[in-house]
Amino acid sequence: MRMAAIGITALIIILVLAGIAYYAIGGNQKPEPTITVATIQFGISTLDLIQEGVVKPYGINVKAMRIQLAPDVATALLKGDAQVAILPVDVAAKLFEAGKDITIIAVDMYQNQAILVPVNSSIKDPSMLKGRTVASPIASGTFAMFKSYMKALYNLTVLNPGEQGDGVMVVNTPPAQALDAVAKGDADAAVVWEPIVSQALASGKYKIIASFQDMWGRIGYPGKPVMIVWVARGDWVRSHPEQVEKLLEARREAALAWTGNRAATINALEKLYGLQGKVLNILYNRTLICTDKTITPELQDSIRHVLHLAMLGGYIETDQINYNEFIYVPQGNS
């Protein structure tokens, strides 16, 4: 009995010491901060690989906030429901132009928009769109850049709905319905982006007559045109530089995983969006991801050129903005 009592006492002492050690070592540790990143419901980006666990951030938790409508993504950022939002660079510029305290912290994806026509169409290149009708969401930066590309390369004016003139007419549609307008005969071509482009190509019913990447190169701009960026609240960036650094590292790891692990990327996209294998393969081949952690001088030049096109197309009022505030520079690099 005495030996049993000694054994029980020893066990109790061990448990007490273990409890003390737990609280001394881990009990006082602060929980990892959570960073909420807002994006549209069908917004393909490197955030997908973080959300699906292909990449695990160090020292932070990253929460994806999926929102149905694109304008609501910006609203979530401005209201403080999210610290970061994934947006087209021209949308970010429009917010900045309106005096919003936001800054671009990373480039995620290059332009993937394209002009699509039916496979049996007689239209072979964009110059043949004169006198034809294009379906596209006219309130988008994509439409503004399409107007600029057409003017710069083909000297063609893209008319807004109701305008008269000798140029390219347009039917205003939501992105997902642009191809429906073509199928119904209401438009001869559609200007859309991913994953709509890949879905159209996979159907076998449409072909690309020009991509924005093609037209960028034909104008003579260097490098690749920036499309999607990670935009952060300025107050959060200034008060939590260490969290910004960890988020940028996680995004870069996701970008490297995207470009270096095709199978894992396609698997993650399939789980999130339910896309079919043929669509995913086309999408993966068409998607160009930026693997730079921070915004390099080359990326800054690309952003400037893209915003110049957005201005010429009428989406923003000026491209002469304060880039020192609009583009984030990590501490120690300024």
Side-chain angles (χ1 to χ4, degrees), residues 34-48 50-51 62-113 136-146 172-176 191-196 225-240 243-244 247-248 251 272-273 290 295 299 302-304 306-311 313-319 321-323 325-328:
T34 296
I35 302 171
T36 301
V37 182
T39 186
I40 59 172
Q41 191 70 33
F42 217 57
I44 293 169
S45 72
T46 54
L47 177 65
D48 300 338
I50 298 174
Q51 184 176 350
V62 178
K63 176 185 176 183
M65 177 186 286
R66 300 270 172 180
I67 299 175
Q68 191 68 33
L69 300 176
D72 294 335
V73 175
T75 299
L77 179 69
L78 298 179
K79 288 174 59 180
D81 296 333
Q83 289 79 45
V84 179
I86 299 175
L87 295 167
V89 65
D90 39 74
V91 174
K94 203 172 185 70
L95 294 176
F96 190 82
E97 187 176 66
K100 306 304 180 184
D101 183 19
I102 57 96
T103 185
I104 297 175
I105 60 173
V107 171
D108 199 71
M109 190 180 298
Y110 299 104
Q111 287 184 1
N112 56 48
Q113 304 99 314
S136 183
I138 64 172
S140 65
T142 288
F143 179 69
M145 277 180 276
F146 168 67
N172 184 25
T173 68
V191 178
V192 288
W193 50 85
E194 291 295 352
I196 302 170
V226 170
M227 180 184 179
I228 301 299
V229 294
W230 288 46
V231 185
R233 291 177 57 88
D235 56 353
W236 175 74
V237 170
R238 290 187 294 271
S239 59
H240 296 89
Q243 292 184 28
V244 177
L247 182 64
L248 290 177
R251 196 219 68 87
L272 278 171
Y273 305 113
C290 176
I295 301 176
L299 290 174
S302 175
I303 290 171
R304 287 185 172 91
V306 168
L307 295 187
H308 183 67
L309 290 173
M311 180 196 68
Y315 187 73
I316 56 177
E317 293 183 6
T318 177
D319 60 349
I321 60 179
N322 186 344
Y323 285 95
E325 294 182 3
F326 183 55
I327 297 176
Y328 170 71

Over all atoms of both residues, closest heavy-atom pair of [X] and [Y]:
X    : Y    : result
T36  : A82  : O-CB, 3.5 Å
L307 : A93  : CD2-CB, 3.6 Å
L69  : I40  : C-CG2, 4.2 Å
Y323 : I303 : CE2-CG2, 4.3 Å
I44  : P195 : CD1-CB, 3.8 Å
D90  : A310 : CB-CB, 4.2 Å

If we only count heavy atoms from C-beta on, is the [X] to [Y] side-chain gap below 4.5 Å?
X    : Y    : result
F96  : E325 : yes
S140 : W193 : yes
L309 : Y315 : no
P137 : F143 : no
I86  : V37  : yes

Heavy-atom donor-acceptor pair, T103 side chain to Y328 backbone, under 3.5 Å: yes
Under 3.5 Å: donor-acceptor pair, side chain of D319, backbone of M311: no
Worked verdict on V84 versus R251 for side-chain contact (heavy atoms from CB on, under 4.5 Å): CA-CA 12 Å; V84 179; R251 196 219 68 87; over 6 Å; no
Run the side-chain donor-acceptor check on residues 225-237: report pairs under 3.5 Å with partners two or more places apart or on a different chain.
{"from": "W230", "atom 1": "NE1", "to": "D108", "atom 2": "OD1", "distance (Å)": "2.9"}
{"from": "R233", "atom 1": "NE", "to": "D235", "atom 2": "OD1", "distance (Å)": "3.2"}
{"from": "R233", "atom 1": "NH1", "to": "L77", "atom 2": "O", "distance (Å)": "2.9"}
{"from": "R233", "atom 1": "NH1", "to": "L78", "atom 2": "O", "distance (Å)": "2.9"}
{"from": "R233", "atom 1": "NH2", "to": "D235", "atom 2": "OD2", "distance (Å)": "2.9"}
{"from": "W236", "atom 1": "NE1", "to": "Q243", "atom 2": "OE1", "distance (Å)": "3.4"}

E317: partners by side chain to side chain contact (heavy atoms under 4.5 Å, CB included), with sequence neighbours left out: E97
Steps toward side-chain contact (heavy atoms from CB on, under 4.5 Å) verdict (H240, I35): CA-CA 11 Å; H240 296 89; I35 302 171; over 6 Å; no
Pair L47-V62, side-chain contact (heavy atoms from CB on, under 4.5 Å): steps then yes or no: CA-CA 9 Å; L47 177 65; V62 178; 4.0 Å; yes
Selection residues 63-86 - residue pairs positive for side-chain hydrogen bond (donor to acceptor under 3.5 Å, both in side chains), sequence neighbours left out: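 Residue pairs passing side-chain hydrogen bond (donor to acceptor under 3.5 Å, both in side chains), neighbours aside: D48-R66, Q51-R66, R66-Y273.
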Criterion side-chain contact (heavy atoms from CB on, under 4.5 Å) on I327 and L299, from CA distance to verdict: CA-CA 10 Å; I327 297 176; L299 290 174; over 6 Å; no
